[in-house]
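Remarks on the structure that follows.
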Amino acid sequence: MSTDTSPWFTHHVGTPTDRIDGVAKVTGAAKYAAEFPAQDLLYGCVVNSTIAKGWIEALDTAKARAVPGVVEVFTHENRPHIAWFDRSYSDQDAPPGSPFRALRDGEIRYSGQPIALVVAQDFETARYAASLVEARYSQGEHATDLVQQREDAFRPKRKKSGFESPPSRGDADAALAQAAVKHRGEYRIAIEHHNPMEMHAATVIWEGGGKITVHDKTQGVINTHDYVCGVFGFAKDDVRVESPYVGGAFGSGLRPQYQLFLAVLAAKALQRSVRVVLSREQMFTFGYRPDALQTIELGAQREGTLTAIKHDCVQNTSQFENYSETIVNWSGLLYACPNVALDHRLAALDLYTPIDMRAPGAATGVNAFEAAIDELAYELQLDPLEFRLKNYAEIDQNEDKPFSSKALRECYEQGAAAFGWSQRSFAPRSMRDGRELVGWGMASGVWEAMRTKAQARVTLSSEGRLEVATASADIGTGTYTILAQIAAEAFGLPLDAVTVKIGDSSLPQAPLEGGSRTATTVGSAVQAACEALKKIVLDQARSIGNSPLGKPRASSVTFERGDVVLNRDARKRLPLRDIVLSSGKPTLAAQASAAPSRTANRWASYTHSAVFVEVKVDEELGQVRVTRIVSAIAAGRILNPKTARSQIIGGVVFGLGMALTEESQLDHRLGRFMNHNYAEYHIPVNADVPQIHVIFVDEKDEHISPLGAKGLGEIGIVGTAAAISNAVFHATGRRVRELPITLDKLL
Ligand code: MOS
């Protein structure tokens, strides 16, 4: 609820505001990819491989075809022609390599690979018939254990690989040799799957005349659109992608997935509308957060000055693409330190390619590094917060650049005050509540403040309503709402005078919603389009004879409450409606493109956090309960404190999952993820989640965008798992360097 509910309240940016799509979502009016109706719709069900590597010797589809209601069974043997070259399968988030193509040939590259699509009149028939497809394989030897493949790790050749060696400086080995106090630890964070509530789905509507409308679960309709055109040879205008709502994705929708490929393939071949929905189990048959083996070495002077940092990481990729995350670079950025050696390598496994997930890279690297920093603080007998403040980085030493803004110190101060950190006793196992050990831990977080290029169109109607249109997405983040706030504020209108259209490939181009970039990137485009439209409105106003405004200049008027008002005499005003009507056109519109300024790269732009956690650990059962979390965030200007707070709460819960519960378990004998359901893959539920106190500290950033926003969401995850594991150490004296911290690791 807005703090001011009067109909003419127009100071929207910065005001806690309800989601404008909230009612549609809770009443079921919001339609997701698998919910769009179509005439004579067919349903596809995917058959997946049961081996991890080898060849299909024979695929028997006769029993499936014999089921009444089955229309077709697509396999690599009978599939229609698809594009030949790898580049046709590339997408905005594709790593270098040869993108996976379902039904390409008989080769099996990973367990769970789609090997057939059964298409039937209804879903139940398709699913039953899919269970009758029989595959005979010749099995190869697979490798899915990163520990065993570690020796074969490699650095992709730099050219065209998209792989950059992380930045090092000084002489870390020499500094370590001389350091008075040292720490060395090996850290590992479990493979995780995104597990959004909405499973991946595509409904492809055959419009006739070779045209299709695609409803896909995606974080970017343009990405889906271009992929479908590239792979299947559709003309650009013959494909329209509409995905107005996304039921969570957390990165899983950044790349086109096989439900899309198979639904379009079937629709095109059959010239019918086709829907393919993945099951929860099948949600474990494509991208995931990669496995990563990390070694961290730190050195400091006796009084606590950090002198050396070494951070090595080997992460897994697939056999067909070199997926690489930024895992170690953060370690050269967070603290002042003259000697830093960072190394990052990949090792190929017989799994699907990993895909960006929930603060990819930082969630892995910073959570390990911040645990190591905590360990060194104990070696130094220094309070972990004091140690961090002592080594505070005033500039980005990775790139030798000033920060566009950095209010991490304020995060530490305000977070610590709200948490009561000064009441902490230093020694592990020194705090207790009955039979439970109490632990207080903290950590820092950092994430890139990303901004790229986007376009938006704003249209003012003769009823005085504004429409914002851009091909962006709202993956649950609040995009609809902040775009409406920005436009309403620019025109001095109430929020309900604004309609926001997104998730449609026919709208002005916007990038993938990912990397917490959308508020800054698309918000800036909407702001620019509004400024352009205001100029058009004023030009029109100047052409009106006998106008109370005379011939107004931009600087002499204000857009206020649906009118243009003369600054020096507020009685002189002209309704926006009348200005539009005077044009003789039904609407006035402007489109704009916005990109980071050419000087933006003079500054390093990051969001920061300080996370404070209390845990209680049952000494006999090893059970960890997180009882309090304070997350203090510096992310520039906060456009909507209400949806921003929801974003951080979501991120903190993901951090809690990473620390204590979430883990995709591979059975290396089969090369397969075994716990592919919500019963065995443990996402924190309400009973696991304590009170989460979110603080947004003031941070002015004049460089990232005129909006001043740096974007957020992912920053809520980074640091949270480290703060929890640091709290578990404080409670128990036990350091668990392999997340999640399950009971067995504490007993
Ligand atoms: Mo996010 S992992 O950039 O969707």
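Just follow the structure's listing: the first ligand is 1, and inside any ligand the first atom is 1. What you see below is based on every heavy atom in this structure, not just the backbone, and it leaves out hydrogens, waters and symmetry mates.
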Worksheet, complete the sentence: With Lys710 as partner, the option from Ile638, Ile715, Ile633, Ile704 fulfilling side-chain contact (heavy atoms from CB on, under 4.5 Å) is Ile704

Worksheet item: Among His676, His193, Glu198, His200, which one satisfies side-chain contact (heavy atoms from CB on, under 4.5 Å) with Met283?
Response: His200

Please could you name the atoms of ligand 1 that [X] approaches to less than 4.0 Å, counting only its heavy atoms?
{"X": "Met357", "value": "2 (S)"}
{"X": "Phe250", "value": "2 (S), 4 (O)"}
{"X": "Asp356", "value": "2 (S)"}
{"X": "Gly514", "value": "3 (O)"}

Identity and distance of the protein heavy atom lying nearest [atom]:
{"atom": "atom 3 (O) of ligand 1", "answer": "Gly515 N, 2.6 Å"}
{"atom": "atom 1 (Mo) of ligand 1", "answer": "Glu714 OE2, 3.3 Å"}
{"atom": "atom 2 (S) of ligand 1", "answer": "Arg358 N, 3.3 Å"}

Worksheet item: Between Tyr245 and Tyr32, how do the two ring planes meet: parallel, tilted or perpendicular, split at 30° and 60°?
Response: tilted

Discussion item. Any carboxylate oxygen within less than 4.0 angstrom of a Lys/Arg side-chain nitrogen, looking at Arg188 and Asp291?
Written reply: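 Counted as a salt bridge, because a side-chain N and a carboxylate O are separated by less than 4.0 Å.
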
Can you tell which part of [X] has a heavy atom less than 4.0 Å from ligand 1: side chain, backbone, both or neither?
{"X": "Pro360", "result": "side chain"}
{"X": "Ile475", "result": "neither"}
{"X": "Gln219", "result": "side chain"}

Item to complete: Ignoring hydrogens and angles, tell me if any N or O in the side chain of Arg517 forms a donor-acceptor pair with the backbone of Gly514 under 3.5 Å.
Response: yes

Worksheet item: What do you reckon, is NZ of Lys25 surrounded by more than 12 foreign heavy atoms closer than 6.0 Å?
Response: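 Yes.
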
Worksheet entry | Pi-cation contact, Tyr678 with Arg280 (under 6.0 Å, within 45°) |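 Output yes; distance and angle both within limits.
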
